[in-house]
2 protein chains.
Amino acid sequence: MSTEKMTIASAPRAKKSVALSGVTAGNTALCSVGRTGNDLHYRGYNILDFADKADFEEVAYLLIHEKWPNKTELVAYKQKLKKLRTIPQSLKNVLEQIPASAHPMDVMRTGCSMLGTLETEDDKHDIEAARTIGDRMIASFSSILLYWWHYSQNGNKIELDTDDDSIASHFLHLMHGKSPTEAQVRAMHISLNLYAEHEFNASTFAARVIAGTESDLHSAITGAIGALRGPKHGGANEAACIIQQRYQSADAAEADIRQRVSQKEIIIGFGHPVYTIGDPRNDMIKKVAQSLSKDRNELLMYDVADRLETVMWDLKKMFPNLDWFSAVSYHMLEIPTSLFTPIFIISRTSGWVAHVIEQRIDKKIIRPNANYTGPENQVWKPLDERA
Amino acid sequence: MSTEKMTIASAPRAKKSVALSGVTAGNTALCSVGRTGNDLHYRGYNILDFADKADFEEVAYLLIHEKWPNKTELVAYKQKLKKLRTIPQSLKNVLEQIPASAHPMDVMRTGCSMLGTLETEDDKHDIEAARTIGDRMIASFSSILLYWWHYSQNGNKIELDTDDDSIASHFLHLMHGKSPTEAQVRAMHISLNLYAEHEFNASTFAARVIAGTESDLHSAITGAIGALRGPKHGGANEAACIIQQRYQSADAAEADIRQRVSQKEIIIGFGHPVYTIGDPRNDMIKKVAQSLSKDRNELLMYDVADRLETVMWDLKKMFPNLDWFSAVSYHMLEIPTSLFTPIFIISRTSGWVAHVIEQRIDKKIIRPNANYTGPENQVWKPLDERA
């Protein structure tokens with residue numbers, strides 16, 4: 001598939017709901033997206049070739065370290081990441097101050113920022129050092145999230161150092177307090193692989209705007225987390241899950257959504273600012289969702305999601321994006337809905353870090369202009385003269 | 001001055017070192033900058049008309065609450081801000097975990113993010129609520145910074161609730177543990193007024209990119225702090241201070257800088273991505289710097305800065321930006337150099353919050369495209385087949 005000569009379509013139509021739509025804001029060698037309407041390549045490799053086969057560590061290595069690791073390199077990389085899993089006591093102390101009512105994305109944003117006060121980047125020109133900070137982040141973000149989660153839920157100070165071979169396995173182990181099955185770990189790898197990188201999406205672009213001022217990596221990733229939090233971006237998979245759990249049958253779902261669409265309600269999880277034909281990640285994550293649902297013998301949520309895919313195409317010619325069946329998959333992995341977007345962080349940090357490194361090499365500050373729409377030539381009055 | 005009919009110059013030349021230079025990324029009614037080469041207006045008011053006369057609370061009110069307050073409104077606003085000065089115990093606990101070695105900008109980033117876990121924004125469509133969160137930020141940021149500063153320096157848990165009438169006075173009081181003079185407070189107001197707003201600069205743009213996903217206000221401001229931290233943006237006044245303190249005389253400074261410029265070294269504090277003729281804020285902050293220096297009878301640093309202004313114009317036709325004489329002013333207020341950029345945060349938050357509100361009303365996600373420069377059609381090999 002990826003070896004065929006592609007016809008490069010012209011840039012996607014500018015969309016009114018998107019500022020800078022179709023405008024080139026910089027160069028990247030990391031990713032191309034939607035050039036044929038529904039394709040996604042990381043560093044020139046079609047995600048359909050590898051995302052269901054590779055471990056997330058291979059993909060993170062490709063993005064952060066610029067090549068596919070061979071066997072020896074992968075073993076060494078997994079060893080490195082394993083050693084970067086635990087977090088300093090003062091970061092644990094901070095996480096213990098965050099109430100159970102907090103949004104887990106705010107916890108991740110604060111945890112990443114706090115990590116930056118403890119392990120501050122010294123030399124922003126040292127690319128290898130930046131890569132190691134990136135590795136530190138992807139290795140420790142599960143720990144930050146789940147240390148806080150268990151402590152805030154029931155006061156448990158969980159052990160973060162496990163024997164798990166991968167980030168996927170480590171996450172599920174900390175989440176559930178027991179080793180996950182192979183099928184669960186594979187599902188998690190696929191999901192992390194699919195979420196890892198997506199060109200100049202809003203969170204990545206935020207990271208690059210921050211990095212453009214020559215700020216540090218923790219600032220860039222903290223800002224990216226803040227952008228990902230929004231329901232128009234990463235927050236979508238949480239919203240999708242709520243929709244999918246709302247119904248007792250696929251028929252009930254269909255009837256209700258037809259009604260809502262007729263009332264012009266926007267259904268989260270469908271459509272995409274860049275893809276025009278379909279989301280190339282959908283088939284793969286849909287298979288994961290189906291397989292996990294079958295393993296648990298719980299098909300209602302999957303059936304609802306599947307039916308709504310058909311309905312939305314029928315009504316609006318809209319296709320589900322990656323968030324739609326990710327929601328089913330995570331739910332089948334017994335992950336609480338509010339932790340969905342934090343998983344997206346763990347994965348996308350690999351792309352974010354690689355983009356920050358590119359922006360630094362590019363040496364440009366990102367500083368657009370604005371169209372001024374306010375009043376002109378106002379006459380200032382001192383306080384005493386104001387009505 | 002501001003009442004004259006201005007000749008609107010065409011958009012400034014696109015600069016190679018700036019991505020999206022000259023590209024319009026959205027609308028704003030908040031600010032116009034450099035349309036005649038060296039002018040700056042907040043909501044249509046020329047800063048030269050008010051920045052040395054108004055209190056910062058008036059300017060913050062203009063930006064966040066959209067009009068100049070009258071006397072009654074200003075009294076009420078100052079009362080409101082006064083009540084928003086203290087911070088929750090759990091935020092203090094977090095600040096106590098941040099080591100003295102941390103960069104104060106990382107402290108501000110973490111403090112703002114942590115505040116968001118404790119006082120999370122509920123309804124992003126409630127503009128009045130967003131304004132109050134903005135007020136909370138400008139009122140409490142001095143407390144966050146200086147609670148950490150004194151605690152990390154010498155273990156003192158300072159009292160944050162003072163009788164000071166303004167943010168300017170509160171900051172200086174917490175900084176030095178005693179009430180500032182009227183001249184010092186006025187100097188601080190002028191500085192805060194000049195730094196408050198500057199259109200789509202990198203930190204403001206970062207805030208708008210984050211807000212475009214419908215994320216929360218704390219995420220947007222946390223990201224903006226991260227962008228401001230970079231030496232190509234807010235970090236510049238710290239770098240300027242280091243240059244100005246390096247010399248024993250203006251003559252020595254001139255000789256050294258002539259040498260450095262001849263070796264193509266970039267001198268921080270000069271030039272600007274938008275202004276072409278000069279920085280309209282320079283004369284006003286220069287007067288502040290001179291006056292504070294005279295009051296202390298310490299003119300060396302001012303003289304060095306003044307001489308280098310002449311030298312840089314002579315050699316490169318480059319003019320000082322706001323950061324240059326701000327560095328002298330803050331130094332004369334006995335503020336440690338590493339706290340300069342955090343002061344910039346306190347001021348600019350008023351502009352950032354107003355921009356976030358605009359971006360929300362605009363309802364657009366900011367999502368540009370990238371120019372793909374990487375390899376095409378790479379053939380993926382499974383792990384076993386990689387060399």
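Per chain, numbering begins at 1; letters A, B, ... match sequence-line order.
With a 4.5 angstrom heavy-atom cutoff, A202(B) touches chain A via backbone and side-chain atoms both. Of the two parts of R229(A), the backbone and the side chain both hold a non-hydrogen atom closer than 4.5 Å to a non-hydrogen atom of chain B. Residue L95(A): no heavy atom, backbone or side chain, is found under 4.5 Å from chain B. For D216(B), the parts lying near chain A are the backbone and the side chain together; criterion is any non-hydrogen pair under 4.5 Å. Contacts between D55(A) and chain B at a heavy-atom distance below 4.5 Å are absent for every atom of the residue. Proximity to chain A involves both the backbone and the side chain of T24(B), based on heavy atoms less than 4.5 angstrom apart. For chain B, the nearby parts of A206(A) are the backbone and the side chain; heavy atoms of each come within less than 4.5 Å. Heavy-atom distances place no part of K381(A) under 4.5 Å from chain B, backbone and side chain included. Heavy-atom distances place the backbone of S17(A), and not its side chain, under 4.5 Å from chain B. For R109(B), the parts sitting under 4.5 Å from any heavy atom of chain A are the backbone and the side chain alike. In this structure, chain A has heavy atoms under 4.5 Å from both the backbone and the side chain of P69(B).
For the ring-ring contact (aromatic ring centres under 6.0 Å, His included) test, residues two or more places apart in sequence or in another chain that qualify with Y42(B) are F50(B).
Interface check for chain B: of the options V107(A), I365(A), T204(A), the most heavy-atom pairs under 4.5 Å are formed by I365(A). Contact count versus chain A (heavy atoms, under 4.5 Å) is highest, among Q89(B), K53(B), E58(B), K124(B), for E58(B). Comparing C112(B), P375(B), G230(B) by heavy-atom pairs within less than 4.5 Å of chain A, the highest count is held by G230(B). The residue among S203(B), A207(B), G223(B), P231(B) with the most heavy atom pairs within less than 4.5 Å of chain A is P231(B). Looking only at heavy-atom pairs under 4.5 Å with chain B, the residue among R367(A), K232(A), E199(A) that has the most is R367(A). Comparing V94(A), T28(A), N70(A) by how many heavy-atom pairs each has under 4.5 Å with chain B, the most go to T28(A). The choice from N201(B), L118(B), L91(B), L30(B) that makes the most heavy-atom pairs within less than 4.5 Å of chain A is N201(B). Chain A forms more heavy-atom pairs under 4.5 Å with one residue of T373(B), D362(B), N93(B) than with any other, namely T373(B). Note on M105(B), E385(B), K363(B): by heavy-atom pairs under 4.5 Å with chain A, the leading option is K363(B). Contact tally against chain B (heavy-atom pairs below 4.5 Å) for A29(A), G374(A), G116(A): the top residue is A29(A).
Between the side chains of E197(A) and H355(A), at least one donor N or O lies within less than 3.5 Å of an accepting N or O.
Aromatic pair F205(B)/F205(A): centroids less than 6.0 angstrom apart. In this structure, H272(A) has its ring center under 6.0 Å from that of H198(A).
Contact check on R386(A) versus E73(B) returns no salt bridge, with no Lys/Arg side-chain nitrogen under 4.0 Å from an Asp/Glu carboxylate oxygen. Under the 4.0 Å criterion applied to side-chain N and carboxylate O atoms, E376(B) and R43(A) are not assigned as salt-bridge partners.
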